[in-house]
Amino acid sequence: MVFDHVRIFDTTLRDGEQAPGAAMTISEKVRIAHQLARLNVDIVEAGFPISSPAQFEAVQRIASEVRGPTICALARTIEADIQAAGESLLTGSKCRIHTFIATSDIHLMAKFADVRYGKTLEEKRDTVLRMTSEAVAMARAIVADVEFSAEDAGRTDPGYLVEVVSTAIEAGATTINIPDTTGYCIPHEYAQLFHTVREHCKLSDQVVLSTHCHDDLGLAVANSLAGVLAGARQVECTINGIGERAGNASLEEVVMTLNVRRRHFGAETGIVTRLLTPTSRLISIATGFAVPPNKAVVGGNAFSHEAGIHQHGVLKSRETYEIMRAEDVGQEAEAIRLGRHSGRHGLFSRLESIDIFVDESRQEELYQAFVKLADKKKEIFDEDLRELAQRSTPKESADHYRLDHIHVITGTGRQPRAEVLVHHASSGTARRETADGDGPVDAIYKAIDQAIGRHHDLVSYGIRSVGEGADAVGEVTVLIEDSGAFFRGVSRHTDVLRASADSYIKALNQMEAFRTEEKNVEFVGGGIMQSFDSGNTE
C-alpha cells in the first residue's frame with residue numbers, strides 16, 4: 001500500500017513561544033531549530049520577524065544556519081510585514097513566507113472596526129479579499145513557497161471561506177491553511193471545512209491544504225487528524241503541544257497516531273520518531289514547562305505500568321497493553337513502576353532486573369514488606385527494593401537492643417522531647433525513657449542512651465535522600481565511638497526521625513556484638529592457657 005506524505009509544520013518557535021512564560025532566547029531557538037532538523041520536520045516556522053528585532057534575528061540566524069527543513073517566517077497581510085519576512089529569509093536556501101488575515105465575522109467586526117476597512121460587513125469582507133490577493137502576490141514575488149492562513153476559519157462562513165481561499169490560490173499561494181484558531185470546532189465540523197474547500201476551490205496538485213488547531217476543548221489532535229482524513233497533507237503543530245491558551249496540536253501525538261494507524265489514514269510522516277522524547281525534553285528545559293507524567297507518547301508514565309494485572313500482561317508480551325514500542329519514541333523500554341497497585345510479578349521481575357534473587361521461602365515475607373512500604377510511598381524505587389531485600393535477609397544472631405517505640409514532640413518555641421521504649425535481649429525486659437534535646441535527633445539519642453544505661457559519643461551523623469520525589473526514603477548514617485573503637489549504623493525509612501533512631505540502635509548493636517566477641521576471645525584464650533598450665537593435652 002502506498003501512503004501519502006503528510007508534511008509536519010512545526011511552529012514551536014513561533015506559536016509555541018506565544019504561550020505565556022515560554023519565551024526563548026535566540027541561541028535557544030537556534031539550538032531547537034537544529035534539533036527539529038534532526039527530527040526531520042518538513043517546515044520550521046522560525047518566528048514573526050516584524051514583531052521585534054530579536055524575532056527578526058532569530059529567523060535570520062535559523063534560515064542561515066539550519067539545513068534540511070523549509071524555514072518559514074510569519075507575516076500579516078501588510079507590506080511591511082512581508083518585506084521584513086523576506087529580508088529575514090535572504091540567507092536561507094529553502095524558505096517560505098506565511099501570511100494570514102482574519103476571516104470570521106466575529107474577527108472582522110472587532111479587528112476591522114475602523115471605517116477605512118468598510119462600513120458594512122460586506123465591505124469589510126471585500127477589503128480582506130483585496131488584502132489577501134495583494135499580500136500573497138507580494139510574498140510570491142519574494143519566494144516561490146507561500147502559505148496563506150484564513151485566521152479563525154473554524155468560525156468563518158463556509159461560503160466566504162471558499163472566496164478567500166480561491167483568492168489566495170489565484171494570487172499564487174502554494175499552501176492553504178484552514179486553522180481552528182480558537183479551538184472551537186469538533187472533528188466532523190472541521191473535516192467538513194476541508195471537504196467544502198476541496199469541492200468548491202480550484203486546487204491544483206501544487207496546492208497543499210493544511211491544518212492548524214488549538215486545544216481549547218482538548219480536540220486539537222483529533223481535529224488535525226480529521227483534517228488529514230478530509231484531505232489535508234500538512235499538519236501544523238508544536239512539541240509538547242505548547243502554545244497560546246491551552247496550546248496547539250501536539251506534534252508527537254499527531255505523528256505517532258499517523259505512525260500507528262497509517263493504514264487507516266493512508267498517510268505517514270518522515271519524522272525520526274526515536275528523537276521525539278529527547279526533543280520533548282529539550283523544549284521542556286528551554287521553556288520551563290514540565291511535561292506531565294501522563295502526557296501521551298513522551299510523558300514519564302507513557303510506557304509505565306503499576307497495576308498488577310497490567311504488569312503481568314506486559315511481562316508476558318508488551319503488546320498486551322502497549323500499542324507502540326517505547327524505544328521507537330526515545331523512551332526506556334523497561335518501565336515497570338512499583339506502587340500500591342503492583343503485584344508479585346512486577347515486584348520480582350524488577351528485583352531480578354537489578355540482580356536481586358530471592359529464595360522461594362523468603363518471597364512471601366519480602367512481598368508483604370513491599371506492600372507495607374507501598375502504602376506509605378507513592379512509588380517504590382530500586383534503592384527501596386535493595387533495602388527491603390536487605391531487611392528480609394535472615395540474621396545470624398539476635399540484636400542486643402530493639403527499638404519498640406518512639407515518640408517525638410517538637411515545634412516552634414518549645415524544646416524537642418523524645419520518648420523511646422528499648423528492648424534488652426539479655427534480660428528480656430524493656431525500658432522506657434524520655435529526654436529533651438537541642439533538636440529532635442539529639443533528644444532521640446539522649447533518650448536511647450538513658451534507656452540503655454550509658455552515654456555514647458556521636459562522631460558523625462549524615463542523611464541523604466534515596467529515590468525520587470517528596471516521599472523519597474531518607475538514609476541516615478551514624479558513627480559512634482566507644483573506648484577508641486568506632487561503630488557504624490545505617491538505616492532507611494520514609495520517616496527520617498525513625499531512620500535516625502534505627503541507625504543509632506544498629507550502631508549500638510554493632511558495638512555490643514564487638515564487646516561480646518571480645519569477651520569470648522578472652523574467655524577462650526584464658527581457657528586454653530589454663531589447660532596448658534594443668535598439663536591437660538586432650
Side-chain angles (χ1 to χ4, degrees), residues 8 10-36 38-39 41 44-45 47 58 183 213-222 224 236-257 271-306 322 324 326-341 377-384 465-473:
I8 295 299
D10 183 276
T11 184
T12 302
L13 299 176
R14 199 279 300 171
D15 209 347
E17 194 197 24
Q18 290 176 203
M24 294 170 257
T25 66
I26 294 173
S27 60
E28 284 175 331
K29 288 185 176 183
V30 173
R31 182 184 175 197
I32 289 167
H34 280 293
Q35 178 65 14
L36 293 173
R38 287 189 286 271
L39 188 63
V41 303
V44 172
E45 188 166 48
C213 300
H214 282 262
D215 211 32
D216 298 71
L217 294 176
L219 296 171
V221 170
S224 298
E236 303 189 7
C237 42
T238 63
I239 301 295
N240 298 336
I242 65 170
E244 290 270 11
R245 305 181 310 280
N248 290 53
S250 164
L251 181 149
E252 56 275 7
E253 294 175 26
V254 169
V255 166
M256 290 314 295
T257 301
I271 295 297
V272 181
T273 61
R274 60 182 171 76
L275 295 180
L276 287 172
T277 299
T279 307
S280 165
R281 289 171 181 163
L282 177 62
I283 299 302
S284 178
I285 292 168
T287 60
F289 290 0
V291 177
N294 64 328
K295 172 76 170 65
V297 182
V298 295
N301 290 348
F303 297 90
S304 299
H305 308 272
E306 183 179 320
E322 294 180 4
M324 61 189 114
E327 52 267 41
D328 288 345
V329 298
Q331 290 255 38
E332 294 291 332
E334 180 58 47
I336 295 295
R337 306 289 285 270
L338 297 179
R340 65 175 58 185
H341 303 108
K377 292 196 69 193
K378 291 180 181 178
E379 184 171 352
I380 307 299
F381 297 96
D382 290 350
E383 287 294 327
D384 302 319
S465 175
V466 177
E468 305 171 26
D471 59 353
V473 166

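Treat the numbers as computed from the prediction; the structure is a model and nothing was measured.
Val291 pairs with exactly one of Val297, Thr277, Ile239, Val298 by the side-chain contact (heavy atoms from CB on, under 4.5 Å) rule, that one being Val298.
Rounding to the nearest 0.5 Å gives a distance of 9.5 Å between CD1 of Ile32 and OG of Ser27. Note: Thr12 OG1 to Leu36 CG = 6.0 Å, rounded to the nearest 0.5 Å. Distance check: Met24 CE to Lys29 NZ gives 6.5 Å after rounding to the nearest 0.5 Å. Rounding to the nearest 0.5 Å places CD of Glu17 at 12.5 Å from OG1 of Thr238. Note that the CG atom of Leu251 and the CE atom of Met256 stand 11.5 Å from one another [nearest 0.5 Å]. To the nearest 0.5 Å, atom CG of residue Leu13 and atom CD of residue Glu45 are 9.0 Å apart.
Asp216 is linked by a salt bridge (Lys or Arg N to Asp or Glu O under 4.0 Å) to Arg245, counting only residues two or more places apart in sequence or in another chain. By the side-chain hydrogen bond (donor to acceptor under 3.5 Å, both in side chains) test, Asn240 is found to be paired with Ser280, residues two or more places apart in sequence or in another chain being considered. With sequence neighbours left out, the salt bridge (Lys or Arg N to Asp or Glu O under 4.0 Å) criterion links Glu253 to Lys295.
The minimum heavy-atom distance between Cys213 and Ala220, with the atom names listed, is CB-O, 3.5 Å. The minimum heavy-atom distance linking Ala246 with Asp215 is given by the pair CB-O, 3.4 Å. Nearest heavy-atom pair, Thr25 versus Glu28, reported as atom, atom and distance to 0.1 Å: N-OE1, 2.9 Å. Of all heavy-atom pairs spanning Ala249 and Ser224, the tightest one is CB-OG, 3.5 Å.
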Checklist line | Worked verdict on Arg14 versus Gln18 for side chain to side chain donor-acceptor pair (under 3.5 Å) | finding: CA-CA 7 Å; Arg14 199 279 300 171; Gln18 290 176 203; 3.0 Å; yes

Note to self: What verdict does the side-chain contact (heavy atoms from CB on, under 4.5 Å) test give for Arg38 and Leu275, after you've listed the backbone C-alpha separation in whole Å, the side-chain angles of each residue and the deciding distance to 0.1 Å?
What the structure shows: CA-CA 8 Å; Arg38 287 189 286 271; Leu275 295 180; 4.0 Å; yes

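Using a 4.5 Å cut-off on side-chain heavy atoms (C-beta onward), Arg31 and Leu282 make contact. Side-chain atoms of Cys237 and Asn248, non-hydrogen and from C-beta on, never get closer than 4.5 Å to each other.
Although no hydrogens or angles enter the test, the distance criterion places no donor-acceptor pair under 3.5 Å between the side chain of Glu236 and the main chain of Asp10. A donor-acceptor pair under 3.5 Å is formed between the side chain of Thr11 and the backbone N or O of Asp15.
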